[in-house]
Number of protein chains: 2
Amino acid sequence: MVTAGKRDETGAARAGPSDTGPAYSGTASRILDVAEALVQTRGFNGFSYADVAAEMKITKAALHYHFAGKAELGEALITRYAARFAAALTAVDCAGAQPAAKLDAYASLYLDVLRNQRMCLCGMLAAEYQTLPEAMRVAVLRFFDANETWLEEVLEHGRAAGTLRFEGTARDTARTIIGSLEGAMLVARPYGDLDRFKAVARNILGTLAPAPMVAAGTDSA
Amino acid sequence: MVTAGKRDETGAARAGPSDTGPAYSGTASRILDVAEALVQTRGFNGFSYADVAAEMKITKAALHYHFAGKAELGEALITRYAARFAAALTAVDCAGAQPAAKLDAYASLYLDVLRNQRMCLCGMLAAEYQTLPEAMRVAVLRFFDANETWLEEVLEHGRAAGTLRFEGTARDTARTIIGSLEGAMLVARPYGDLDRFKAVARNILGTLAPAPMVAAGTDSA
DNA sequence: GTCTATAACGAGATAGAC
DNA sequence: GTCTATCTCGTTATAGAC
């Protein structure tokens, strides 16, 4: 599936105690880092092997050794990104905070991406969806599904505990959160304005809980 | 709204009594139609002159006669799209409905785009922003600015009349609406699921007014 | 694991005929 | 206003040396 030619020659890159996904060699891992940054800023159709090779100071041919083609590289990018995101959500769960605080933490993940002047990888790929190879399409949808599932559970727990209030289903509310935060990133990034994102996140999450959300410096609520 | 069908080359394409923007020749207008559809579905970096020429059954060279380069074509696309969108908003204003109904109409404009399995032109370009020529960048931001200004006024009027309720500034709320609807389109399109968009729109607009919104056939909420 | 070299193709763009 | 023909460049990808 991922076409990492060989395994690590040294230690490989591991995340932690729970092993998620394939481990890439140091070079393959760095290729993914560079490609990821390029896709998140320029889009999958807006970068080339030449771009990655130039930034890494290796040749295009070397890239093909690690990832047979752009499609395989793209697939690996999503898989790694999704695994990292899932790990971040698990970390939030393990912190054992209240549902409302979990939603704040969720929004903070988006904010961190935007801080690096990047778009969410899968949000970017969602825009280019029609041009993507099938394997990438499937992976993109799975990413959103995973987000939805996690949010749904947080929302249900919050509603059961009485700390979150919302109309309609938890699923629709989860989809609203995902869509709104993705869109907030999409629009805020061209303006280079973090506050634009924060204002939307505050508005969205603010309707779910009485307490102020997301790095709320001004406590007008 | 958004993207009319085909016009004959003798009549040129006019919107109505109030003339907005430059009038294109029949051919130029059809080029814009085809290119618009391609950008909205595949992105600016996901289509080529060859694609347009093929669909129109003319040659690439003919395209260059009407639009010197891809940058100029892109600029013309945004300008026309923004003018059409502005005209649609003016039409909503002239209908003289209540603020809440205007917001519904606004969301319907997005829904119509999604119905054609397209992304908002400027939402798509926002994703590709970093790769766009300067003139296109400016035009994209102006589109969002115009949306924001219009929504801001609707929101202010609604709040003054007591038919809309929201916390914070009208500007931040306007930005929330834009971001949320753009993001809802972005995510709903890959799933090919209109309901996904509707659910988000209902949730977002529902927090602003007591009445159900957006083509709410079932008022069970 | 990385290189040189190159194939094979498509991109945006131009010149000049009709 | 559209054509044929061509140019130049960048793209993905492969073969084979080191």
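Values below: every heavy atom of this structure, side chains too, minus hydrogens, waters and symmetry copies. Chain A is the first sequence line, chain B the second, and so forth, proteins listed ahead of strands; every chain is numbered from 1.
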Donor-acceptor pairs under 3.5 Å, side chain of residues 111-118 of chain A to any protein atom, not counting sequence neighbours: which ones?
unit_1	atom_1	unit_2	atom_2	d
A:Asp112	OD1	A:Arg115	NH1	2.8
A:Arg118	NH1	A:Gln40	OE1	3.0

Within residues 107-139 of chain A or reaching into it, pairs that qualify as ring-ring contact (aromatic ring centres under 6.0 Å, His included) - sequence neighbours excluded
A:Tyr106-A:Tyr110
Salt-bridge contact B:Arg30-B:Glu36 (side-chain N to carboxylate O under 4.0 Å)
no
Whole Å only: how far is the CG atom of B:Leu63 from the C1' atom of C:dA11?
13 Å
If only side-chain N and O atoms of A:Tyr65 are considered, is one of them under 4.0 Å from the OP1 or OP2 phosphate oxygen of C:dG1?
yes
Output all residues satisfying salt bridge (charged side-chain N to carboxylate O under 4.0 Å, His left out) with A:Asp33, sequence neighbours left out; order by chain, then residue number.
A:Arg80
Pairs meeting criterion side chain to side chain donor-acceptor pair (under 3.5 Å) with involvement of residues 63-76 of chain B, two or more places apart
none
In whole Å, I'd like the distance from the NZ atom of A:Lys57 to the C1' atom of C:dG1.
19 Å
Nearest-Å distance, OH (B:Tyr24) to C1' (D:dG1)?
18 Å
Within the pair B:Thr27 and D:dT2, is there a side-chain N or O less than 4.0 Å away from OP1 or OP2?
yes
Check B:Arg196 with A:Glu148, please: is the shortest side-chain N to carboxylate O separation under 4.0 Å?
yes
Would you call A:Glu128-B:Arg42 a salt bridge at under 4.0 Å N-O?
no
Test side-chain contact (heavy atoms from CB on, under 4.5 Å) on B:Phe47 and A:Thr131; report intermediate values, then the result.
CA-CA 9 Å; B:Phe47 89 104; A:Thr131 71; over 6 Å; no
Nucleotide by nucleotide, 5' to 3', does protein get under 4.0 Å of the base (B), only the sugar-phosphate (S), or neither (-) in nucleotides 12-18 of chain C, counting heavy atoms?
BBBB---
Return the residues of residues 132-140 of chain B meeting this criterion: a heavy atom under 4.0 Å from some atom of DNA chain C. Order them by number, or give none.
none
Measure CD1/A:Ile31 against C1'/C:dG1 and give the value in whole Å, please.
10 Å
A:Phe67 CZ - D:dT11 C1' separation (whole Å):
19 Å
